[in-house]
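Notes for the one structure printed next.
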Amino acid sequence: MIDTPLNEFALIKRYFTRPRKKAFLGVGDDCALLHVPPTQTLAITSDMLVQGRHFFPHTDAKRLGHKALAVNLSDLAAMGAQPTAFTLALALPTAHAAWLADFSDGLFALADQYDCELIGGDTTRAPLITLSITALGYVPAHAALRRDGAQNGDDIWVSGELGDARLALAHIRNEWPHQAPLTRNELAQIYQRLEQPYPRIALGLALANLTTLARQAHHADPSSPPSQITHACAAIDISDGLIGDLTHILERSACGATVNIDALPHSIALAKQPQDIQRRCTLTGGDDYELCFTASSTVRHTIEKLSTSLALPLSRIGKIDAQPGLRLVDQKEQPVIFSQSSFDHFSDTP
Ligand code: ADP
Ligand code: MG
């Protein structure tokens, strides 16, 4: 393909305008128009990817298109929302056809998987590639997986495996000289975790459904014990590292937690690494986009069955308690001191 520069409107038409499916009005007017079904509320989230900050300049454009949407869908998953539509604000130094074709391929491949429609956006020139997506989803108001929903005694769970994305970043940067060598397959796997994360939408929807079922059970039998009827899950997607993200739940829910660091799920590639790297990656590595969620121990068995039906590992890593703060322990319940904090764009450490 000839990699010729394009003008703004040709670019939007060629790469970002597709036949309208769900929106009442899509790309091409001053605003898009959407119907909101009567029983639902809109969940709205924005996430930006900036060249040099969130991705390397040579990153594969197709994977970048995927990731720009995936990080937003991950926020919808963490709220228990069903993705419906998104907008794309795109800033580019140059409009190259080959790059745009690959980027939009990656973007729409993921969008189509969730029937999530691009309904508008903005396109401008800027010195660095900047991708800002706003994603919209539907969730019944009472079923949303809010950060303030954790309760004393709840189990804490995480999906999938933690730390591979951080390990890949360290590998690219040659950051840790004592990092153990990995096979070609293991490297491909950790790079994929960094560059092409998969939002845990099905899990988020299932957890929101659990909340709905618990409410319905309460309406059917108001005498049932409160532990079974007040059940609601709190959830967050792990974008900045488990410690920091779980702390957001604890602060919003005004409670504390004890986490068994030996129960943190990780890949074979990460298990090959020295213990300090394993801990750093699982506790403070971001970018995995797994869900960390809390749930009453009365639904433990339901969650174990959910893991089977979704073919997604769900690991019970600790418990919510009343004492504020996050305590880390090992398998033998001995306290573990860990001083690294999670990622913060405005802290001094990179
Ligand atoms: P306005 O000047 O009214 O903001 P624009 O000229 O910026 O509109 O955009 C024209 C149309 O193209 C709008 O409907 C807008 O939502 C859409 N659009 C612009 N950039 C993108 C993009 N990157 N992806 C999808 N739609 C876009
Ligand atoms: Mg306008």
Side-chain angles (χ1 to χ4, degrees), residues 1-37 40 42-77 81-138 195-199 201 239 289:
M1 183 192 300
I2 305 166
D3 206 1
T4 43
L6 292 149
N7 82 37
E8 177 185 335
F9 297 101
L11 181 164
I12 296 167
K13 190 156 191 282
R14 190 183 306 173
Y15 297 105
F16 301 110
T17 308
R18 300 168 97 207
R20 181 179 53 82
K21 286 196 293 185
K22 294 187 294 181
F24 187 70
L25 186 65
V27 171
D29 212 313
D30 293 310
C31 292
L33 299 175
L34 280 184
H35 291 298
V36 181
Q40 307 285 310
L42 261 186
I44 305 166
T45 182
S46 295
D47 249 322
M48 249 193 318
L49 297 185
V50 178
Q51 178 185 330
R53 188 71 199 169
H54 300 93
F55 61 91
F56 294 101
H58 58 259
T59 302
D60 177 74
K62 203 165 175 171
R63 288 190 165 195
L64 199 55
H66 172 105
K67 185 166 179 176
L69 182 59
V71 299
N72 280 278
L73 297 188
S74 176
D75 281 318
L76 293 181
Q82 173 78 58
T84 187
F86 67 105
T87 62
L88 167 69
L90 185 63
L92 299 171
T94 45
H96 283 303
W99 189 93
L100 282 158
D102 285 346
F103 176 82
S104 62
D105 274 358
L107 180 83
F108 285 122
L110 183 65
D112 289 346
Q113 219 171 311
Y114 292 103
D115 203 17
C116 189
E117 184 171 7
L118 178 60
I119 55 169
D122 199 18
T123 306
T124 183
R125 190 188 285 264
L128 293 174
I129 301 174
T130 303
L131 311 163
S132 178
I133 286 183
T134 295
L136 307 167
Y138 294 135
E195 295 174 350
Q196 225 177 355
Y198 278 87
I201 296 290
S239 53
Y289 298 98

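Bear in mind that the values here come from a model prediction, so they are computed numbers and not experimental data. Whatever order the structure lists them in is the order used to number ligands and atoms, beginning at 1.
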Task: Closest candidate by heavy atom, reference atom 26 (N) of ligand 1, pool Ser104, Gly120, Gly28 - done: Gly120
- [ ] May I ask whether Tyr15 has any heavy atom positioned less than 4.0 angstrom from an atom of ligand 1?
- [x] no
Task: Separation of Leu107 CG from Leu90 CG (nearest 0.5 Å) - done: 9.5 Å
- [ ] Examine the proximity of ligand 1 to Leu88 and report which part, side chain or backbone, both or neither, has a heavy atom under 4.0 Å away.
- [x] both
TODO: Measure the spacing between CG of Asn72 and CG of Leu131 and express it to the nearest 0.5 Å.
DONE: 10.5 Å
TODO: Output yes when the distance from some N or O of ligand 1 to some N or O of Thr123 is under 3.5 Å, and no in every other case.
DONE: yes
Task: Polar contact flag for Ile119 and ligand 1 (N/O pairs, less than 3.5 Å) - done: no
Open item on the list: Just to be sure I'm reading this right: ignoring hydrogens, which of Asp30, Thr17, Ile12 gets closest to atom 1 (P) of ligand 1? Compare them by their nearest heavy atoms.
Closed with: Asp30
Task: Distance, nearest 0.5 Å, that separates CG of Asp102 from NE2 of His96 - done: 13.0 Å
Task: Backbone or side-chain N or O of Gly121 under 3.5 Å from ligand 1 N or O - done: yes
TODO: Write down the atom of Ala70, the atom of Pro199, and the distance for their closest heavy-atom approach.
DONE: O-CB, 3.9 Å
TODO: Mark up the atoms of ligand 1 that fall under 4.0 Å of a heavy atom belonging to Leu118, in ascending order.
DONE: 24 (N), 25 (C)
Open item on the list: Tell me whether the rings of Phe86 and Phe108 are parallel (<30°), tilted (30 to 60°) or perpendicular (>60°).
Closed with: tilted
